[in-house]
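Structure, as structure tokens:
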Amino acid sequence: MLLNYWFTATFNDANSVIKLNDKELGTIIAQGYVSNIAEHLGGLNGYNVSIKPIIKCDIKDNKVRVTYTVPYYSVKVEVGGGWLGALGSTPPVRSEANWTLDQCFPFAKKDFYKKTSSKALVMSYAYSNVVMDKIEECVKNGLNGTEDQDW
């Protein structure tokens, strides 16, 4: 199936995987990985956001329904890695966190990471539009538009 090849070619990363490929159900579920979708250097801390979107394709009666979900932002945090932290003599402390979207701007009333999560929201949305357009193009035209030709 073309979508399997598309997922493999598009998300060619060790962090990406096809989670379900059931031809009888007509369902493909893939998890992609997009690194560095947003970053922010605050006064004291630095944040680098990646996403692992889950893309579900239901195929039935020559139609494809695509569901695109970002369950959380995967964030690398550098405490002391902001622009003020550079003035200090101690190296930044690195950690990783997952920020669920309901705890981030604009869904949470108080978001301590508003600038970073705002950037992540905009870029995640933009990326989802690109993915949806590319899936539509793959379904309509094949991977390069020549799959139905004899060669």
Side-chain angles (χ1 to χ4, degrees), residues 1-22 25-86 92-147:
M1 178 176 276
L2 280 177
L3 285 175
N4 288 325
Y5 296 120
W6 183 86
F7 280 121
T8 304
T10 301
F11 296 109
N12 188 11
D13 185 280
N15 293 309
S16 303
V17 64
I18 293 179
K19 293 180 165 265
L20 176 70
N21 183 2
D22 192 322
L25 281 176
T27 301
I28 301 171
I29 300 175
Q31 182 175 32
Y33 178 73
V34 185
S35 63
N36 307 327
I37 201 150
E39 64 181 9
H40 179 74
L41 291 177
L44 294 176
N45 302 327
Y47 307 95
N48 191 309
V49 182
S50 300
I51 58 172
K52 294 181 178 182
I54 297 173
I55 305 159
K56 179 182 178 191
C57 295
D58 294 305
I59 304 154
K60 179 179 171 183
D61 300 329
N62 292 324
K63 295 179 184 178
V64 178
R65 177 179 57 196
V66 179
T67 306
Y68 185 96
T69 306
V70 176
Y72 57 86
Y73 300 130
S74 179
V75 185
K76 292 182 181 174
V77 181
E78 288 191 355
V79 175
W83 57 272
L84 280 176
V93 176
R94 292 175 175 85
S95 64
E96 293 188 18
N98 291 330
W99 296 350
T100 58
L101 275 62
D102 63 340
Q103 298 173 334
C104 295
F105 179 82
F107 308 108
K109 288 185 179 186
K110 287 206 169 203
D111 178 5
F112 295 106
Y113 316 106
K114 186 175 181 179
K115 288 184 180 181
T116 308
S117 65
S118 297
K119 291 177 184 180
L121 176 68
V122 170
M123 294 308 296
S124 295
Y125 179 74
Y127 189 77
S128 73
N129 285 332
V130 170
V131 168
M132 299 294 267
D133 289 345
K134 293 296 184 180
I135 289 174
E136 180 181 4
E137 183 180 320
C138 175
V139 170
K140 287 182 178 177
N141 303 322
L143 292 176
N144 62 14
T146 61
E147 280 74 16

Checklist entry - Can you tell me if D111 uses its side chain to pair, donor with acceptor, with the backbone of C104 under 3.5 Å? => result no

Checklist entry - Below 4.5 Å, heavy atoms only, C-beta onward: do I135 and I55 meet side chain to side chain? => result yes

Item to check | Within 6.0 angstrom of F112 CZ, more than 12 heavy atoms from elsewhere | outcome: no

Item to check | Crowding at NZ, K76 (>12 non-hydrogen neighbours, <6.0 Å) | outcome: no

Checklist entry - Distance from S124 atom OG to N129 atom CG, nearest 0.5 Å? => result 11.0 Å

Next on the checklist: Return the OH to CG distance between Y113 and N45, rounded to the nearest 0.5 Å.
Outcome noted: 8.0 Å

Item to check | Side chain proximity check, I29 to I54, heavy atoms < 4.5 angstrom | outcome: yes

Item to check | side-chain contact (heavy atoms from CB on, under 4.5 Å) between Y73 and L121, intermediate numbers included | outcome: CA-CA 9 Å; Y73 300 130; L121 176 68; 3.6 Å; yes

Checklist entry - Can you check whether H40's main-chain N or O pairs, donor with acceptor, with T116's side chain at less than 3.5 Å? => result no

Checklist entry - With side chains defined as the heavy atoms from C-beta onward, is the minimum distance between V139 and E136 less than 4.5 Å? => result no

Next on the checklist: Would the distance check show the side chain of K119 and the main-chain N or O of E39 forming a donor-acceptor pair, the cut-off being under 3.5 Å?
Outcome noted: yes

Checklist entry - What closest approach, in Å, do I51 and Y72 show between heavy atoms, and which atom pair accounts for it? => result CG2-O, 4.4 Å

Next on the checklist: Restricting to non-hydrogen atoms, name the atom on Y125 and the atom on S128 that form the minimum distance, rounded to 0.1 Å.
Outcome noted: O-OG, 2.7 Å

Next on the checklist: So that I can tick it off, tell me whether K60 and D58 are bridged by a salt bridge, with the cut-off set at under 4.0 angstrom between side-chain N and carboxylate O.
Outcome noted: no

Checklist entry - Minimum heavy-atom separation for F105 to S117, with atom names? => result N-OG, 3.4 Å

Checklist outcome for this item: Between P71 and K52, the two heavy atoms sitting closest are CD-O, 3.7 Å

Item to check | Gap between atom SG of C57 and atom CZ of R65 - 0.5 Å precision | outcome: 10.5 Å

Checklist entry - Got I59 and I28 here, is their nearest side-chain heavy-atom distance under 4.5 Å? => result yes

Next on the checklist: Can you confirm whether L20 sits close enough to T27 that some side-chain heavy atom of one is under 4.5 Å from a side-chain heavy atom of the other?
Outcome noted: yes

Next on the checklist: Counting only heavy atoms not in Q31 (residues, nucleotides, ligands), do more than 12 fall under 6.0 Å from its CD?
Outcome noted: yes

Checklist entry - Atom CZ of F107 and atom CG of L101: how far apart are they, to the nearest 0.5 Å? => result 6.0 Å

Checklist outcome for this item: For L41 and G46, the nearest pair of non-hydrogen atoms, with its separation, is CD2-CA, 3.9 Å

Next on the checklist: Ignoring hydrogens, what is the shortest heavy-atom contact between A30 and F7? Give both atom names and the distance.
Outcome noted: CB-CD2, 3.6 Å

